[in-house]
Trainee: 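Pasting a structure below so you can have a look.
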Amino acid sequence: MPKSRIRKKDDFTPPPAKTTALKMNSGRGWVAPLMLAMFLIGLAWIVLFYVSEGDLPIKAMGNWNIVCGFGFIAVGFGISTQWK
């Protein structure tokens, strides 16, 4: 019986590696600094309110100073959705 021909298989060539370089300058360089600034302003507002026993930052607002501080923090979270 004749021997069957052995077919030569092509050598495996892996697909080219994807180059996924991070684009740091995507035009939204303002997002991270503004987001961190809102977080820090909100935190400082609340801490200042508690440390000064309600006299600072705005005495007339009373306990609404806490809401204002958390408002700054919420704005920071809102801005964070724009970060790519």
Trainee: With sequence neighbours left out, which residue pairs that include part of residues 36-52 fulfil the side-chain hydrogen bond (donor to acceptor under 3.5 Å, both in side chains) condition?
Mentor: Trp45-Asn65
Trainee: Among all residues two or more places apart in sequence or in another chain, which pass the ring-ring contact (aromatic ring centres under 6.0 Å, His included) test with Phe77?
Mentor: Phe39
Trainee: Who pairs with Ile41 by side chain to side chain contact (heavy atoms under 4.5 Å, CB included), at least two apart in sequence or on another chain?
Mentor: Met38, Phe72
Trainee: Distance check, rounded to the nearest 0.5 Å: Met35 atom CE versus Thr81 atom OG1?
Mentor: 10.5 Å
Trainee: Clusters formed by hydrophobic residues whose side-chain heavy atoms approach within less than 4.5 Å: which one holds Val51, and what are its other members?
Mentor: Leu43, Val47
Trainee: Tell me who clusters with Leu56, hydrophobic residues only, linked when side chains sit under 4.5 Å apart either directly or through other members.
Mentor: Leu48
Trainee: Heavy-atom distance under 4.5 Å between the side chains of Ile73 and Phe70, does that happen here?
Mentor: yes
Trainee: Applying a strict under-4.5 Å side-chain criterion to I, L, V, M, F, W and Y, I'd like to know whether Leu40 and Leu34 cluster together.
Mentor: no
Trainee: Looking at residues at least two apart in the chain, or sitting in another chain, which of them share a side chain to side chain contact (heavy atoms under 4.5 Å, CB included) with Asn63?
Mentor: Phe49
